[in-house]
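This report concerns only the one structure given below.
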Amino acid sequence: MKLHHRHDWNLSPSEAVALQQELRSEVISDRPIDLDRIELVAGVDVSVKNEQSQAAIVVMTYPGFLPVETVLAQRPTPFPYVPGLLSFREGPVLEEAFEKLKTVPDVFLFDGMGIAHPRRIGIASHMGLWLQRPTVGCGKTLLCGRYKDLAEEKGSAAPLIDRKETIGVALRTRTAKNPMFISPGHLADIPTATELVLRCSPKYRLPEPIRLAHNAAGQFSP
DNA sequence: GCGACAG
DNA sequence: ATCTTGTCGC
């Protein structure tokens, strides 16, 4: 896929934070995703093993969820895990994977946050700037913000609030299971991102594209 | 200063 | 995220 190269990745933690402050104003998080025109949805995930990172992108039809393309990319893990700076750890290998992708998905679902981030630029938002296509952040645990208890039934949601600002939702994708934390990445908004993730989770807690990407990323070559 | 902290 | 077997439940 064609990528809009934005910057180099070899930055120190403090330089990375400064870059996020510069890029945050470019993130568009109030634009509805055109759910009626989606035909392809991609799931993005990265697995780390022995200093090596492997990225997987699985493109699936929507709403049938039939896999149409899977790409993998490997690289040495370049950056330590620092809460708030995940994109600088997974960005390099993801960039390589995106370049291998031939299909052009209508939207990308990421394993991690979108604007539900201290500086409102989690990995889904950050990579969205490179992709220039709609992206959604789907976290399994919270990075920042608070939410009120929500009902046990699948589909229940509660606003995620941080510093008086609504940054996403806690969404129950499976009855009685822990909620997922959904937020717009880039070129998306909270209501449509929430609806899309719910529609992409017909059977499991993880959205189908991310679930498959997670499985593929965890498969390292001997 | 203290606590919290995606993957 | 990763280290790791069996096991309780639908």
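As a basis for the values below, the full set of heavy atoms in this structure was taken, side chains included, without hydrogen atoms, waters or symmetry mates. Keep in mind it's a predicted model, so treat the numbers as computed, not measured.
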Item to check | Sugar-phosphate or base contact per nucleotide [nucleotides 5-10 of chain C; S, B, -; heavy atom under 4.0 Å] | outcome: ------

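- Every side chain to side chain contact (heavy atoms under 4.5 Å, CB included) that A:I161 has, sequence neighbours left out, goes to A:P159, A:T166.
- A:D8 pairs by the side chain to side chain contact (heavy atoms under 4.5 Å, CB included) definition with A:H5, A:N10, not counting sequence neighbours.
- A:H126 comes within contact range of no nucleotide atom at all, as no heavy-atom separation falls under 4.0 Å.
- Judged by distance alone, the side chain of A:K100 and the main-chain N or O of A:L72 form a donor-acceptor pair under 3.5 Å.
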Output side-chain donor-acceptor pairs under 3.5 Å for residues 38-56 of chain A, partner residues at least two apart or in another chain, one line each.
| unit_1 | atom_1 | unit_2 | atom_2 | d |
| --- | --- | --- | --- | --- |
| A:S53 | OG | A:T77 | OG1 | 2.7 |
| A:Q54 | NE2 | A:A217 | O | 3.0 |
| A:Q54 | NE2 | A:Q219 | O | 2.6 |

With a cut-off of 3.5 Å and sequence neighbours excluded, list every side-chain donor-acceptor pair involving residues 11-25 of chain A.
| unit_1 | atom_1 | unit_2 | atom_2 | d |
| --- | --- | --- | --- | --- |
| A:S12 | OG | A:S14 | OG | 3.4 |
| A:S12 | OG | A:E15 | N | 3.2 |
| A:S12 | OG | A:E15 | OE1 | 3.3 |
| A:E15 | OE1 | A:S12 | N | 2.9 |
| A:Q20 | OE1 | A:R119 | NE | 2.6 |
| A:Q20 | OE1 | A:R119 | NH2 | 2.8 |
| A:Q20 | NE2 | A:G84 | O | 2.9 |
| A:Q21 | OE1 | A:R24 | NH1 | 3.3 |
| A:R24 | NE | A:R119 | O | 3.4 |

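- Hydrophobic cluster of A:L187: the remaining members, joined at side-chain heavy-atom separations below 4.5 Å, are A:I28, listed by chain and number.
- Across A:L198 and A:T173, no two heavy atoms sit closer than the pair CD1-CA, 4.4 Å.
- Cluster note: A:F220 groups with no other residue, as no ILVMFWY side-chain heavy atom lies under 4.5 Å from it.
- Panel note: side chain A:S183, backbone A:G114; a donor-acceptor pair is recorded below 3.5 Å.
- Scanning DNA chain C for stems, defined as runs of 3 or more consecutive Watson-Crick or G-U wobble pairs whose donor-acceptor distances all fall under 3.5 Å, gives no such range.
- Nucleotide C:dA1 holds its C1' atom 14 Å from the CD atom of A:Q54, rounded to whole Å.
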Next on the checklist: I need a per-nucleotide contact map over nucleotides 1-7 of chain B, read 5' to 3'. Cutoff is protein heavy atoms under 4.0 Å; write B for the base, S for backbone only, - otherwise.
Outcome noted: ----BBB

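- At a non-hydrogen distance threshold of 4.0 Å, nothing from residues 174-213 of chain A comes into contact with DNA chain B.
- Under the rule for a side chain to side chain contact (heavy atoms under 4.5 Å, CB included), the partners of A:E208 that lie at least two apart in sequence or sit in another chain are A:M60, A:F65, A:P202, A:Y204, A:R211.
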Going by atom type alone, with no hydrogens or angles, which donor-acceptor pairs under 3.5 Å involve a side-chain atom of residues 85-97 of chain A and a protein atom two or more places apart or on another chain?
| unit_1 | atom_1 | unit_2 | atom_2 | d |
| --- | --- | --- | --- | --- |
| A:S87 | OG | A:H126 | ND1 | 3.0 |
| A:R89 | NH1 | A:F79 | O | 2.8 |
| A:E95 | OE1 | A:W9 | NE1 | 3.0 |
| A:E96 | OE1 | A:R75 | NE | 3.0 |

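- Side-chain atoms of A:T175 do not come within 3.5 Å of backbone N or O of A:E153 as any donor-acceptor pair.
- A:E69 and A:T103 share a donor-acceptor pair across their side chains, judged by distance under 3.5 Å alone.
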